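Here is the structure we will look at, set down as structure tokens.
Since the structure is predicted, the reported quantities are computational estimates derived from the model, not experimental observations.
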Amino acid sequence: MSSIGDGMVVVALPLLALKFTHSPLLIAGVMVTGSAPAAIGGLPAGTLADRTNRRRLIVLIEFFRFLVLIAFGLAVLVHADGLVAIYLTAFALGAMNVAFDVVAGASLPAMVPSSQLVPANSHLINAEMTGQDIVGQGLGGLALSLARALPFIADAFSFVVSAILLNRAIPDSVPESSGESAVNALRSGLSWYFRHPVLRTLTGLLASLAFCQSMVFGVLVPFAHSRLHMSNTGYGFMLAVAGVGTVIGGYGASKLHKKLGNGGLLLLAGFLAAAVYPVLATVTSAITATLLLAIETMSVVGGNVAARSLRQSLVPDVMQGRAASAYSTVILSCIPLGALVGGVVAATGGTRTTLFTAGVIQVIFLLATGPRLYRRTRELSPKAEEPAPVVLELDADGTLTSSPTESGVAVN
């Protein structure tokens with residue numbers, strides 16, 4: 001529910017900004033103000049998630065998202081909106097979206113056993129990305145064309161439904177009272193997280209993948225226009241069709257994980273996405289480009305499932321919030337940086353150069369950190385189940401029955 005509403009607003013806010021300005025810089029400012037809180041709001045949210053009742057906290061977040069959007073929707077309805085109101089709304093939603101993701105991620109390990117984290121994350125990520133990227137964005141443009149306030153009011157009420165569902169689904173958490181201040185709790189949580197060798201390597205690898213992906217998607221619009229000769233409508237259709245990779249990646253991640261493990265699935269997803277970028281730079285067919293983007297999307301979903309499940313399985317419950325916030329802050333901080341670097345490279349060498357460069361950088365990072373992460377995740381894998389001790393039983397007729405064993409003998 002939340003993701004469908006988010007997708008509507010992601011499309012509607014910049015389109016609404018066109019009413020007040022045609023400056024590309026000012027319209028891009030909507031995305032900037034929406035993503036800026038990601039780098040600064042995640043850490044406090046993670047600390048709160050470890051120090052308060054997570055069920056109540058996530059319901060409160062949905063309530064505040066409802067208030068922000070219903071207020072903005074009413075402002076649009078009475079023509080009291082403007083660029084400043086759009087920026088403020090985008091900023092407030094960005095902060096609460098990060099907080100929601102952190103608290104939701106911290107709550108999942110308490111809802112399912114560790115053996116079910118991978119399929120649970122597969123279904124959740126699939127629902128999030130499908131709801132936002134395919135359904136929500138399609139409905140956002142349609143709703144805005146029907147009534148300017150409709151996507152925002154509709155999204156507001158989606159948070160009401162979401163809050164009701166979450167209030168039933170999220171278990172109560174009773175954090176231990178350590179007596180330390182919130183600042184000290186955050187400091188100790190970050191120190192523990194970044195001293196953990198697997199979590200540190202995992203975060204660095206995922207940050208590099210996010211950086212390279214944002215390099216590509218930051219220049220994808222001019223690439224599609226100049227190289228593929230696509231219209232705005234065609235570009236949107238290409239992204240929607242490529243989003244099918246989300247569904248495939250979400251459902252396929254669990255099966256691949258059983259064969260490859262977290263480390264193997266991460267490496268496969270990373271190298272597959274890295275191969276897409278330079279190949280994409282060589283194509284001139286919109287159909288081929290769409291298929292390549294679907295493969296990239298499928299890889300991203302698979303990698304996210306493996307990374308999120310691995311992180312959740314390694315972190316104790318009392319630190320899930322701070323771990324999720326540390327992870328999210330690093331990853332999300334690399335996205336605008338990657339887009340900036342991609343834009344600079346495109347300005348000097350063209351968009352095709354950006355795609356080639358992103359692929360090369362991603363392969364270098366994977367080769368530098370991937371094998372180490374793979375070895376460490378293999379070391380963390382549960383040992384093969386020990387064979388049960390043999391039971392020797394004397395039947396009534398005097399027959400002794402047994403079965404082979406390597407672990408010893410138990411005589412009954």
Side-chain angles (χ1 to χ4, degrees), residues 114-126 128-130 133 197-217 242-282 288-314 327 330-331 334-335 338 355-382:
S114 58
S115 61
Q116 295 298 310
L117 281 175
V118 170
N121 277 310
S122 296
H123 290 308
L124 286 174
I125 292 175
N126 199 352
E128 291 167 9
M129 297 187 70
T130 302
D133 297 343
V198 177
L199 293 174
R200 185 174 61 245
T201 305
L202 173 69
T203 306
L205 176 59
L206 266 291
S208 69
L209 300 185
F211 176 89
C212 294
Q213 185 191 36
S214 64
M215 282 184 66
V216 172
F217 278 81
V244 174
T246 297
V247 180
I248 299 173
Y251 283 110
S254 295
K255 295 181 179 180
L256 285 174
H257 179 269
K258 292 179 181 179
K259 296 181 179 181
L260 303 176
N262 284 315
L265 181 54
L266 270 169
L267 289 180
L268 175 64
F271 279 113
L272 193 58
V276 165
Y277 300 147
V279 175
L280 181 63
T282 65
T288 306
T290 302
L291 292 175
L292 289 170
L293 288 174
I295 294 172
E296 195 271 348
T297 303
M298 178 182 64
S299 303
V300 169
V301 173
N304 280 336
V305 168
R308 189 184 295 187
S309 303
L310 177 60
R311 188 197 75 230
Q312 291 168 340
S313 67
L314 295 176
Y327 175 87
V330 174
I331 304 298
C334 290
I335 293 176
L355 302 186
F356 277 114
T357 304
V360 171
I361 293 175
Q362 184 150 315
V363 168
I364 292 173
F365 274 113
L366 284 165
L367 293 176
T369 60
R372 182 166 67 253
L373 180 64
Y374 180 77
R375 288 194 302 269
R376 287 173 172 172
T377 55
R378 295 287 292 179
E379 293 168 358
L380 291 169
S381 299

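- Counting only heavy atoms from C-beta outward, the side chains of L260 and L267 never approach each other to under 4.5 Å.
- Using a 4.5 Å heavy-atom cutoff, the side chains of V118 and V305 are in contact.
- Residues F356 and A281 come closest through the heavy atom pair CE1-CB, 3.7 Å.
- Across every non-hydrogen atom of N262 and A306, the tightest pair is OD1-O, 3.3 Å.
- Nearest heavy atoms, L293 versus A242: CB-CB, 3.7 Å.
- Note: L256 CG to L265 CG = 6.0 Å, rounded to the nearest 0.5 Å.
- Counting only heavy atoms from C-beta outward, the side chains of L366 and L209 approach each other to under 4.5 Å.
- Within 6.0 Å of CZ on F365 lie no more than 12 heavy atoms contributed by other residues, nucleotides or ligands.
- We find the OG1-CD1 distance between T290 and I295 to be 11.0 Å, quoted to the nearest 0.5 Å.
- Going from atom OG1 of T282 over to atom CG of L280 covers 7.5 Å, rounded to the nearest 0.5 Å.
- Between the side chain of S313 and the backbone N or O of L310, at least one donor-acceptor pair lies under 3.5 Å.
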Pair M298-L272, side-chain contact (heavy atoms from CB on, under 4.5 Å): steps then yes or no
CA-CA 9 Å; M298 178 182 64; L272 193 58; 4.2 Å; yes
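- When every heavy atom of S254 is checked against every heavy atom of P119, the shortest pair comes out as OG-CA, 3.2 Å.
- For the pair R372/R375, a side-chain contact is recorded, criterion being any heavy-atom separation below 4.5 Å from C-beta on.
- Across all non-hydrogen atoms, the minimal contact from S299 to A269 is O-CB, 3.2 Å.
- Rounding to the nearest 0.5 Å places NE2 of H123 at 9.0 Å from CD of Q116.
- We find the OG1-CD1 distance between T369 and I364 to be 11.5 Å, quoted to the nearest 0.5 Å.
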The test is side-chain contact (heavy atoms from CB on, under 4.5 Å); show your working for N121 and N304 and say whether it passes.
CA-CA 9 Å; N121 277 310; N304 280 336; over 6 Å; no
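- In this structure, L266 CG and Y374 OH are separated by 12.0 Å, a value rounded to the nearest 0.5 Å.
- Minimum heavy-atom separation, G302 to A253: CA-CB, 4.3 Å.
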Please tabulate, for side-chain N and O atoms in residues 210-217, each donor-acceptor pair with protein atoms closer than 3.5 Å (sequence neighbours left out).
| unit_1 | atom_1 | unit_2 | atom_2 | d |
| --- | --- | --- | --- | --- |
| Q213 | NE2 | E296 | OE2 | 3.1 |
| S214 | OG | A210 | O | 3.2 |
| S214 | OG | F211 | O | 2.8 |
| S214 | OG | I335 | O | 3.0 |
| S214 | OG | A339 | N | 3.4 |

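- The shortest distance between side-chain heavy atoms of L202 and T377 does not fall below 4.5 Å.
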